[in-house]
Colleague: 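First, the structure itself, so that you have it in front of you.
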Amino acid sequence: MTDLIQINHQQIEEALIPYLKQHLSLEVHATLASTNLYLKQQTPLVPWQAVIATQQTGGRGQHGHVFDSPFGGLYLSVAVPFEKSKPVNAFRYTAAAGVAVAETIQATLQQKVRLKWVNDVYDHQRKIAGILTEGVLDTEGTLAGIVVGVGLNFASTIATQRIGNLSQAVNQFCATYLNRLAAGLAQADEAIVAHYCNWSAIIGQRLQNGLVITQLLADGTLILSDGSQVAVGQKIDFKEELI
């Protein structure tokens, strides 16, 4: 399956919406240590810089965990726009990317997947994609950019043939994902969270301690049935599998 991954720069650009055709700059590499790290090292980092690789030698996930990134996958990172005058809501970007991935898989394969809080995409019981949002600081410690990366391993992580077929439509997938990410980020935080909830099975789920998740706030915080909160980064144990 790995030899089917053929990234075509021109095909992707031709399928972009007019706004991205004007603003997006795209690089394609066979191998990088990390697509997120590659963008974070660009100076200056400007919105809608994007990089794609089919292998990462130092892929990272949430909390610095290793993200398995063998050859034959799709690893795509984008520097996204943000308003410097407003506090940054990192969940906004993770949620928008998750929705964009889910919508793209459905549009490409007519297959519905689920988002698992906070940054994973699942097909039934198997994780098929991970999302990593990172800030980039300047020399004065001020936020200079935000990078959102998504990784899909067509070769091994994605077990089902229908999802594996994305490897044969990888250029369409990239363009559709970028288009939907741009559309999603144009929305307000509340709208992004509402779309995220439509793709997530988390609302109404029961935890092992008996509490139920009743709400997802715009910053990714979960509200439980007793009024307590679970912030992004905290671990929770579900009574049953979400997917």
Side-chain angles (χ1 to χ4, degrees), residues 34 36 40 59-68 77-78 80 82-83 86-106 112-137 141 143 145-153 157 177 180-181 184-243:
S34 159
N36 265 31
K40 290 170 66 176
R60 294 169 298 113
Q62 196 83 341
H63 309 303
H65 295 156
V66 174
F67 184 86
D68 188 31
S77 294
V78 186
V80 294
F82 69 101
E83 295 186 43
K86 293 184 178 181
V88 172
N89 173 12
F91 181 70
R92 163 187 176 82
Y93 304 97
T94 300
V99 170
V101 170
E103 290 179 342
T104 300
I105 290 175
Q106 185 175 57
K112 190 165 184 177
V113 294
R114 286 288 187 181
L115 301 179
K116 186 174 182 179
W117 188 79
V118 176
N119 63 326
D120 294 330
V121 183
Y122 271 68
D123 175 37
H124 298 284
Q125 302 293 336
R126 184 172 290 272
K127 178 179 175 178
I128 63 172
I131 298 160
L132 180 62
T133 299
E134 297 185 285
V136 182
L137 303 180
L143 186 67
I146 296 174
V147 174
V148 178
V150 58
L152 297 96
N153 181 355
T157 302
Y177 167 75
R180 291 177 183 268
L181 178 63
L185 290 177
Q187 299 177 326
D189 289 0
E190 292 75 15
I192 292 174
V193 170
H195 288 303
Y196 182 92
C197 288
N198 288 338
W199 286 96
S200 173
I202 197 166
I203 304 301
Q205 291 297 317
R206 188 175 299 276
L207 306 184
Q208 287 189 1
N209 60 12
L211 297 177
V212 176
I213 298 169
T214 60
Q215 188 179 2
L216 176 65
L217 301 184
D219 65 354
T221 299
L222 299 176
I223 305 298
L224 305 184
S225 52
D226 67 347
S228 61
Q229 300 184 359
V230 180
V232 171
Q234 290 184 258
K235 187 178 184 301
I236 54 176
D237 296 312
F238 296 97
K239 186 174 181 62
E240 298 178 351
E241 284 290 339
L242 292 184
I243 311 302

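In this text the structure is predicted, and so the values were computed from the model without any measurement.
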Colleague: Looking at side-chain heavy atoms only, is the closest gap between C197 and I202 below 4.5 Å?
Modeller: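 The answer is no; the side chains never approach within 4.5 Å.
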
Colleague: If we ignore hydrogens and angles and just use 3.5 Å, is the side chain of T104 paired with the main-chain N or O of A100 as donor and acceptor?
Modeller: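 Yes, the answer is positive, given that a donor and an acceptor are paired below the 3.5 Å cut-off.
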
Colleague: Tell me the closest heavy-atom pair linking W117 and A231, and the distance in Å.
Modeller: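 The answer is CH2-O, 3.5 Å.
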
Colleague: Name all residues meeting the salt bridge (charged side-chain N to carboxylate O under 4.0 Å, His left out) criterion together with D189; count only those two or more places apart in sequence or in a different chain, and write none if there are none.
Modeller: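 Applying salt bridge (charged side-chain N to carboxylate O under 4.0 Å, His left out) to D189 gives R92.
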
Colleague: Distance under 6.0 Å and angle within 45° of the ring axis: does K127 meet both against Y122?
Modeller: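 No cation-pi geometry.
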
Colleague: List the steps and the verdict of side-chain contact (heavy atoms from CB on, under 4.5 Å) for L207 and L224.
Modeller: CA-CA 9 Å; L207 306 184; L224 305 184; 3.9 Å; yes

Colleague: To the nearest 0.5 Å, how far apart are CG in D120 and CZ in R126?
Modeller: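 Rounded to the nearest 0.5 Å, the CG-CZ separation comes out at 13.5 Å.
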
Colleague: Just jot down the salt bridge (charged side-chain N to carboxylate O under 4.0 Å, His left out) partners of D226, sequence neighbours excluded, or say none.
Modeller: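 Salt bridge (charged side-chain N to carboxylate O under 4.0 Å, His left out) check on D226 returns nothing, list empty.
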
Colleague: What pair of heavy atoms forms the shortest contact from A129 to L152, and how long is it?
Modeller: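 Closest heavy-atom pair between A129 and L152: CB-CG, 3.8 Å.
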
Colleague: Can you tell me how far the CD atom of E103 sits from the CG atom of N198, to the nearest 0.5 Å?
Modeller: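 With rounding to 0.5 Å, CD (E103) is 9.5 Å from CG (N198).
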
Colleague: Enter the distance from L211:CG to L222:CG here, rounded to the nearest 0.5 Å.
Modeller: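 Separation between the atoms: 11.5 Å.
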
Colleague: Checking K116 against W199: charged group under 6.0 Å from the ring centre and within 45 degrees of the axis?
Modeller: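 Checked: cation-pi criterion not met.
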
Colleague: Using 0.5 Å steps for rounding, measure from the CG atom of N209 to the OG atom of S228.
Modeller: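 Those atoms lie 7.5 Å apart.
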
Colleague: Is the distance between the ring centroids of Y196 and F91 less than 6.0 Å?
Modeller: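 Distance test on ring centres: under 6.0 Å, yes.
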
Colleague: Determine the minimum heavy-atom distance between Q229 and Q234, stating which atoms define it.
Modeller: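 Scanning both residues completely, I find the closest heavy atoms to be O-OE1, 4.3 Å.
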
Colleague: Counting C-beta onward and ignoring hydrogens, is there a side-chain heavy-atom pair between V232 and T221 closer than 4.5 Å?
Modeller: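 With C-beta onward as the side chain, the pair stays apart.
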
Colleague: Kindly indicate whether the side chain of V148, heavy atoms from C-beta on, has any atom under 4.5 Å from the side chain of T94.
Modeller: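 V148 vs T94: side chains apart.
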
Colleague: When you compare the side chains of S225 and T214, does any donor N or O come within less than 3.5 Å of an acceptor on the partner?
Modeller: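 The answer is no; no qualifying pair exists.
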
Colleague: I'd like to check I105 versus I128 (side-chain heavy atoms, cut-off strictly below 4.5 Å). Are they in contact?
Modeller: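 Of all side-chain heavy-atom pairs linking I128 with I105, at least one is under 4.5 Å.
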
Colleague: Are a donor atom and an acceptor atom from the side chains of S77 and N36 found within less than 3.5 Å of each other?
Modeller: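 Present: a donor and an acceptor within the cut-off.
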
Colleague: Step by step, work out the side-chain contact (heavy atoms from CB on, under 4.5 Å) result for T133 and I146.
Modeller: CA-CA 7 Å; T133 299; I146 296 174; 3.9 Å; yes

Colleague: Quick one: list whatever passes salt bridge (charged side-chain N to carboxylate O under 4.0 Å, His left out) with E83, sequence neighbours left out.
Modeller: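 Only K86 meet the salt bridge (charged side-chain N to carboxylate O under 4.0 Å, His left out) criterion with E83.
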
Colleague: Can you find a heavy atom in the side chain of V88 that is under 4.5 Å from one in the side chain of L143?
Modeller: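 The answer is yes, as the side chains (C-beta and beyond) meet within the 4.5 Å cut-off.
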
Colleague: Between N89 and A218, which heavy-atom pair has the shortest distance, and what is it?
Modeller: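 In this case the closest contact between N89 and A218 is ND2-O, 2.7 Å.
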
Colleague: Search all heavy atoms of I192 against all heavy atoms of A95 and return the closest pair with its distance.
Modeller: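 Of all heavy-atom pairs spanning I192 and A95, the closest is CG2-CB, 3.7 Å.
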
Colleague: Taking the side chain as C-beta and beyond, is there a heavy-atom pair between L217 and I223 under 4.5 Å?
Modeller: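 Result yes, sub-4.5 Å side-chain heavy-atom pair found.
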
Colleague: Taking the side chain as everything from C-beta on, heavy atoms only, tell me whether I213 gets closer than 4.5 Å to F238.
Modeller: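 In short, these two side chains touch, coming nearer than 4.5 Å.
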
Colleague: Is there side-chain contact between V147 and V80, with at least one heavy-atom pair below 4.5 Å?
Modeller: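 No, their side chains stay 4.5 Å or more apart.
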
Colleague: How far does CD of E190 sit from NE2 of H195, to the nearest 0.5 angstrom?
Modeller: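 It comes to 12.0 Å.
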
